[in-house]
Amino acid sequence: MMKQGSSRTVAIKSLIIIISLVLIIRLFDLQILDKTYKRKASDIGRETIYPARGLIYDRNGQLLVSNEPVYDVLVTRSKVRNLDTSKLAALLKVPDSVIKKRFEVLKENKKAYFSPYKAAVLVSQISPDDITAFQEKRFLFPGFSIQSRSVRHYPFALAGHIMGDMGEVNEKELEKSGNRYVPGDYIGKSGLELKYEKLLRGKKGLEYYVRDKLGRNIGQFENGKFDTSAVEGKTLITGLDVDLQAYAEWLLQGKRASLVAIEPATGQILAMVSSPGYDPNLLIGRNRGSNYKHLLDDSINKPLINRPLTALYPPGSTFKPLMALVALQENLLNIHEGFPCHGGFYIASLHIGCHNHGPVHSLTKAIEISCNSYFCQVFARMISNQKYVDEDEALAVWDKYLKQMQMGVKTGIDLQNEYAGNIPTPEYYKKIYGNYRWRASTIISDAIGQGEILVTPLQLANVYAIIANRGTYYKPHLVVKDDNDTLGLGQYYVKHFTGIDSANFELIMNGLELAVEKGTAKLARVDSIVVCGKTGTAQNPFGEDHSIFAAFAPRIHPKIAIAVIIENAGFGGSWAAPVAGLAIEKYLKGHIPDNKKWLENYVQQKVIDYHDSK
Amino acid sequence: MLKGITSKIQGDRWIWLIVILLSLVSLLAVYSSTGTLAYRYHAGNTEYYLLKHFSLLALGLLIMYIAHLADYRIYSRVAQLLLLLSIPLLIVTLLLGSDINEAKRWITLPGINLSFQTSDLAKLALIMFTARYLTRHQDEVKNFKQGFLPIISIIALVCLLIAPADFSSAAVLFFTCLLILFIGRIRWTFLFGTVIAGAAVITLVILLAYSFPEVGRFKTWTTRIEEFSNKTDIPYQVQQSKIAIAEGGLFGKGPGNSTQRNFLPHPYSDFIFSIILEEYGLIGGILLIVLYLLFLLRCIRIVLKSPGTFGAFMAIGLSISLVIQAFINMGVAVNLLPVTGLTLPLVSMGGTSIWFTSLSIGIILSVSRKAEQEDETLPGELQHEALNTLIKPA
């Protein structure tokens, strides 16, 4: 009956036979021809060769991070016989309890890589001296072996927040990485060590050897045909100037403060200080855990906070030039126009105070003496201007320009955990006050960098780099290139534009120059170099005002843009300005002249007692 | 005594022989690969799993024996009932079934406390029903609306009900049914269109899986496909499987000498083929493939001599389903296919699925028995002799 269908059964027969043939060919390939998987089998021993981790240099070729040899003691639990724990602990100079606890951890973990037949790290990072002692007695400890590794060393003991730290891989990182890491491996946990882990780690090598049934090495497998050599990690070259970094950290001792210095022409970070800082060498080696906890528990200094990226401050008067730029770009301000100041600005029942000063008949003068009334009136003019449909639109335009100047957005620096700060939007005020329930008077303090505006020190330095560049910028970044310059840092080589005409930047520059020359920031003056800057004194709920100063220098072909914020130190011109001035002088001239040593002494010795504040 | 047994059983003796041989292979491989399990759960009592598996296989043979004694024509009626039963069962499983790895495949029979995969039942029912349908609509098979559309709708419905919990089983079942329709002389063009539509559905599911990874088993599917297409990141079990296979070489390490059984997850079910390859080498692997192939060829022989269309369709459907499942399992072990979780029929350990396989073979044998009875020209005595000479040396 199946006669008609038989051609179709033949088709099916052929299909199945072809599938069988494919299977058999595959088997032949895997079992006879392909040797790839044979070398993974258990009678082939493997030894991992660890590569040297990449080094990190500053812009002048000073070595910031190097490697030092240490040793791990590994244990293959299935081979351990008659273990004398206390003797082992004494040799390795660790407490008994540590070794016992580690054994329990290994025993309880059921994951394949903790198998008793595999060597696992028992004690890590033992110094060369201690390992020699153990090496001599090793015959007493069957099942234990030694593996050489390296740890990081920071010769300058500074910039802990930038360098970051390394720690043992945790289970989450292990699973995420595929088979790249094994338990006991070290991995970047923060800072550049984390951000550039992929480049710094290099590539592990693997050597195969044939084992006899007792596990002894009896020679290379297939003449080392499958062995791979370790590839060293990439060397990174940063834009940091370690002398400037060291000097700035020294100046800011005893204060909660941030300093960020940027090279405007490239966006490279020259120095980035978070004070109080910590010595990155504390977070390497076996004491990492206890030192870390110690730093974490210091609730007064909070040294682990990376202030330049995560502390948010009202920029105060340093914001005024930006206010002027927006108004100029929108054709709302004539630089020769004067605004009255009667010791302050009055709008409705509101009063913004101003200090006593002479008449303000130009933008230059307003910036020079930092007149509050002037900028409040400029802001009020913009927000209530007929040019825009309503206040919402006006504020949206204002907000747009500020975001184009990288305020209120993450700058995209090559470090983790950067905060965006806050530049208020119409939506933001709608949420606070309700639709059409706010007017220029409601939000007038934004004009002078108070109100709801919050920026990070990095953003402030960056925006002064933008001013220095007359409206263009490169994203701020630490790492410039690796040793072969093959780094994929494309985004940091792209020139960005703020959408504000460069001519408008020239219009505010006289004011910034005069502010340093004879205005509020005289302490930032540097002989024979034109410094353009602006002080800020930010009111805050935590006590004394924050002392703020942002600047760049020289005015023509700027080499450095800088922002300094010292918490609760008081007037911007008194503390932040001299710190910035000294840093600029140090960077541009290489030394501080004798006639300024008194100033250096004056700011360096200043210690602020933060006991009462939060 | 052998003669006594062989005279009791009926149907194709070659199929019986293949089943016995596969069971022996199964016993050896399962005994070898359950060592780890035995030490973990039964204090090193390695015989526990051997005896358990032996009794499962024995019960399977009994099921096969009983099934093959029935007149195959009653299975036409049974098919209808089973299908009517399995559709609601599939829905219940989807809604209430036990959750193993987020796959709701199992349902527990109340009273006797026996859990089984509803998809196993549905698979059997659907294949038998397709055979029944093709038999009863022989005159309309060339017609799209009256012939093709009703049956493909039923097939699609059942497969879609299985798919959320067990996508690979559903796909295999769908493909098998298409093959039966192909043999049932459904037009090429219809089948071709269906394949394209099926491919479209699968593409859509994959796209959905990528868009909503948190829904159901979507995450498992996408990672498996990614792992398979990404050659550098081979998943752990596939890597261990390849090591096992490479270690086997031409002749293998010998029975019970596998070392990879300690590293491979589920060496007794999903990856049992790898253990067989490690212990018995390329030779053993080829012999196993040949056994399945021989099984299929014997079944096609039954079909050619089958007394009725229904028996022929049913026998070919059931046997193709079995052999395709076997080849997919092997394909996974040698990394020709992504990880699916289909077992190696009759060889992998696992209770109820072995019984469903036994039932299928029993039904095939029942068709075969009828064919022998009606075909007087079949030299039955000759076959007995061939079988006896094969068995005697053992």
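When reading the values below, keep in mind they use all heavy atoms of this one structure, side chains included, and skip hydrogens, waters and symmetry mates. The structure displayed is predicted, hence computed values, not measured ones. Below, read A as the first sequence line, B as the second, and so on, with proteins coming before strands; counting in each chain starts at 1.
- Contact annotation for B:Leu296: only side-chain heavy atoms (C-beta onward) come within less than 4.5 Å of a heavy atom of chain A.
- A side-chain contact (heavy atoms from CB on, under 4.5 Å) with B:Ile289 holds for exactly one of A:Leu21, A:Ile19, A:Leu27; it is A:Leu27.
- Note on B:Leu277, B:Leu250, B:Ile286, B:Leu297: by heavy-atom pairs under 4.5 Å with chain A, the leading option is B:Leu277.
- Chain A forms more heavy-atom pairs under 4.5 Å with one residue of B:Gly331, B:Gly281, B:Gly285 than with any other, namely B:Gly281.
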| field | Worked check of side chain to side chain contact (heavy atoms under 4.5 Å, CB included) between B:Tyr292 and A:Ile16 | value | CA-CA 10 Å; B:Tyr292 280 109; A:Ile16 300 289; over 6 Å; no

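- Interface remark: B:Phe251 contributes no atoms to any contact with chain A (heavy atom separation under 4.5 Å).
- When heavy atoms are compared at a cutoff of 4.5 Å, B:Leu282 approaches chain A by way of both its backbone and its side chain.
- Listed for the A:Arg26 side chain is a donor-acceptor partner under 3.5 Å among the backbone atoms of B:Val334.
- Residues B:Leu293 and A:Ser20 share a closest heavy-atom pair of CD1-OG, 3.1 Å.
- Few gaps surround CD on A:Glu173; more than 12 heavy atoms of other groups in view lie less than 6.0 Å from it.
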